[in-house]
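Read the numbers this way: they start at 1 and go in the same order the structure lists the ligands and their atoms.
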Amino acid sequence: MPHMGRGSRAPLTLSGHIDERPFDVAERSRLEEELYRVQRELASRTHDLARSTARFRDVIERNADAIVVVDGDGVIRFANAKARELFGGDQDDLLGTSFGFPLVSGETTEIEVRSRGSQPDYPVEQRIAEMRVVDSEWEGAAACLATLRDITERRRAEQHERQLMRENEGKANLLAVVSHDLRTPLTAIIGYAELLEMGVPEALPASAQQSVQRIRTAGRHLLYLLNELLSFARLDGGREEVRIEAIDLRDLAADVAAVMQPIADTRALRLWVRVPNEPVMVATDPDKLRQILLNLVGNAVKYTPRGEVELEIAHGEKQHVVARVRDTGVGIAAEHLARIFEPFWQVDPTQRNRDAGTGLGLSVVQRLVAMLAGTVHVTSAANAGSTFTVTLPRRLPQPPAR
Ligand code: ADP
């Protein structure tokens, strides 16, 4: 009996023994069935392939980036919707025309695209695109696939930002120059008022004394405002440098308290300094830290009509030190807390009295603290006093030499 198993190349012609018939008939129908199954499968796969090709084209067509296929002669063979938008034309304007940009496979380049639209409603506009090129093929021949991303808006935004930065720098410079130049005549005004008060060159009549005292007080306040503007401008212009020195924080706290004591004395205020018994050594910029503490204690005194202000120095966690300024004053309502560190921001800007500040004090504090690699933190509530906590590293690393 001839063997007619699967895969056998024996012809289907039936011959020979009558006994073999039943077998051959069965085999034939099995093969027919197999053939039919293969045909069906082929049809279904062809259908799937057509569908997935269509899907694939659809994905490319709708891709967020412009996609262009350029053949070996530099001619555009395919352009998706985004590419047509970028080049400002329709299929007829693009397909079959020369691409016109050098294509280096594996490279990303920036190109300037001018509209090629034949229709008048396509705006002639220059766009900037970032182009990536990979080797590919198109209808059986080698081709390049270029992906283009329109970065015109990004470039415009960057340009705008640079412009703003230049303007800001200009403003900061102006502020620095103006406040510096105003300080010189102002110091003279204050100095001569002080001399007059002291009776130089000769004693003033009692009727003039109060006026001279007012000149001096107003002058000092103006000087304080100018200094605040100046330090803000210097910080904002990035012109401050850090000069590190090792100090005992207790000495600095005593200095600050000595400066603020006369002001506290003019109010019903007690000013306390609380420090540990042993030295609290820090390697930091003492001038900047002094200004931070002067601003914070100055605010505490300014916003506490009566009660107490305490400046506390303590060892912090993990190689940090802590300076805390606590007052029993007017406090800051929860809705204002988030904004108090913003430049020129004040809870009550209408309160323009003799003590009024610039709204720059805390923004200066925040910038200085950042320069010293520290943090500043506030807890407060309306009418419940405020606590400002500054945490600084015990050792500020030396800034890189310029
Ligand atoms: P200013 O020059 O107005 O004091 P600051 O930047 O130092 O500017 O402070 C911003 C605002 O935060 C102040 O106008 C004040 O309303 C509020 N503030 C700051 N410190 C205190 C404090 N210790 N107690 C109550 N309010 C404060």
Side-chain angles (χ1 to χ4, degrees), residues 172 175 179 182-183 186 217-236 240 253 256-257 259-261 263-274 288-313 322-372 374-391:
L175 213 54
S179 37
L182 288 178
R183 261 193 333 178
L186 186 55
T217 314
R220 284 222 160 268
H221 186 56
L222 194 52
L223 187 60
Y224 156 78
L225 296 181
L226 270 182
N227 280 338
E228 211 165 55
L229 267 180
L230 189 60
S231 36
F232 175 75
R234 287 174 64 98
L235 280 170
D236 215 40
E240 274 297 335
V256 170
V259 175
M260 298 311 298
Q261 190 64 57
I263 302 167
D265 287 344
T266 62
R267 306 174 156 228
L269 259 189
R270 294 189 63 157
L271 179 59
W272 302 90
V273 179
R274 191 203 292 253
K288 297 201 167 42
L289 187 50
R290 179 181 291 110
Q291 194 175 355
I292 292 169
L293 296 183
L294 278 174
N295 283 10
L296 290 179
V297 177
N299 274 352
V301 168
K302 191 158 65 173
Y303 298 107
T304 307
R306 71 190 68 78
E308 292 185 2
V309 170
E310 185 188 76
L311 168 59
E312 184 193 350
I313 300 298
V322 175
R324 195 171 284 122
V325 180
R326 199 179 290 134
D327 68 56
T328 58
V330 298
I332 304 157
E335 73 260 32
H336 300 312
L337 263 186
R339 305 203 57 186
I340 56 170
F341 289 99
E342 288 174 24
F344 301 106
W345 198 89
Q346 299 180 300
V347 168
D348 182 8
T350 55
Q351 201 194 342
R352 286 259 161 247
N353 57 27
R354 244 170 9 120
D355 287 342
T358 50
L360 287 173
L362 287 179
S363 68
V364 166
V365 165
Q366 196 177 45
R367 281 157 211 240
L368 288 173
V369 168
M371 286 189 85
L372 302 186
T375 56
V376 53
H377 176 81
V378 54
T379 52
S380 185
N383 303 315
S386 313
T387 302
F388 286 81
T389 307
V390 176
T391 305

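Judged by the shortest distance from any of its heavy atoms, Phe388 lies inside the 4.0 Å radius around the atoms of ligand 1. Proximity of His336 to ligand 1 is not established, as no heavy-atom distance is less than 4.0 Å.
Within 6.0 Å of CH2 in Trp345 there are more than 12 heavy atoms belonging to other residues, nucleotides or ligands.
Inclusion of Leu362 in the set of residues having an N or O under 3.5 Å from an N or O of ligand 1 is warranted. Distances between N or O atoms of Gly359 and those of ligand 1 include at least one value under 3.5 Å. Distances between N or O atoms of Ser363 and those of ligand 1 include no value under 3.5 Å. Considering backbone and side-chain N/O of Asn299, one or more are found under 3.5 Å from N/O of ligand 1.
Asp327 is not listed as a side-chain neighbour of Glu308, based on a closest heavy-atom distance of 4.5 Å or more. Proximity of Val376 to Thr389: side-chain heavy atoms (C-beta onward) are nowhere separated by under 4.5 Å.
Side chain of Ser380 to main chain of Ile332: a donor-acceptor pair is present (N/O by atom type, distance under 3.5 Å, no hydrogens or angles).
Looking at Asp327 against ligand 1, only its side chain comes within 4.0 Å, counting heavy atoms.
The closest heavy-atom contact to atom 24 (N) of ligand 1, among the options Ala333, Ser386, Ala382, Gly361, comes from Ser386.
A search for side chain to side chain donor-acceptor pair (under 3.5 Å) contacts involving Ser363 returns nothing, not counting sequence neighbours.
Residue Leu360 approaches ligand 1 through these ligand atoms, each under 4.0 Å from one of its heavy atoms: 6 (O), 8 (O).
Going from atom CD of Gln261 over to atom CG of Leu271 covers 5.0 Å, rounded to the nearest 0.5 Å.
Listed by first and then second residue, the salt bridge (charged side-chain N to carboxylate O under 4.0 Å, His left out) pairs that reach into residues 336-347 are Arg339-Glu342, sequence neighbours excluded.
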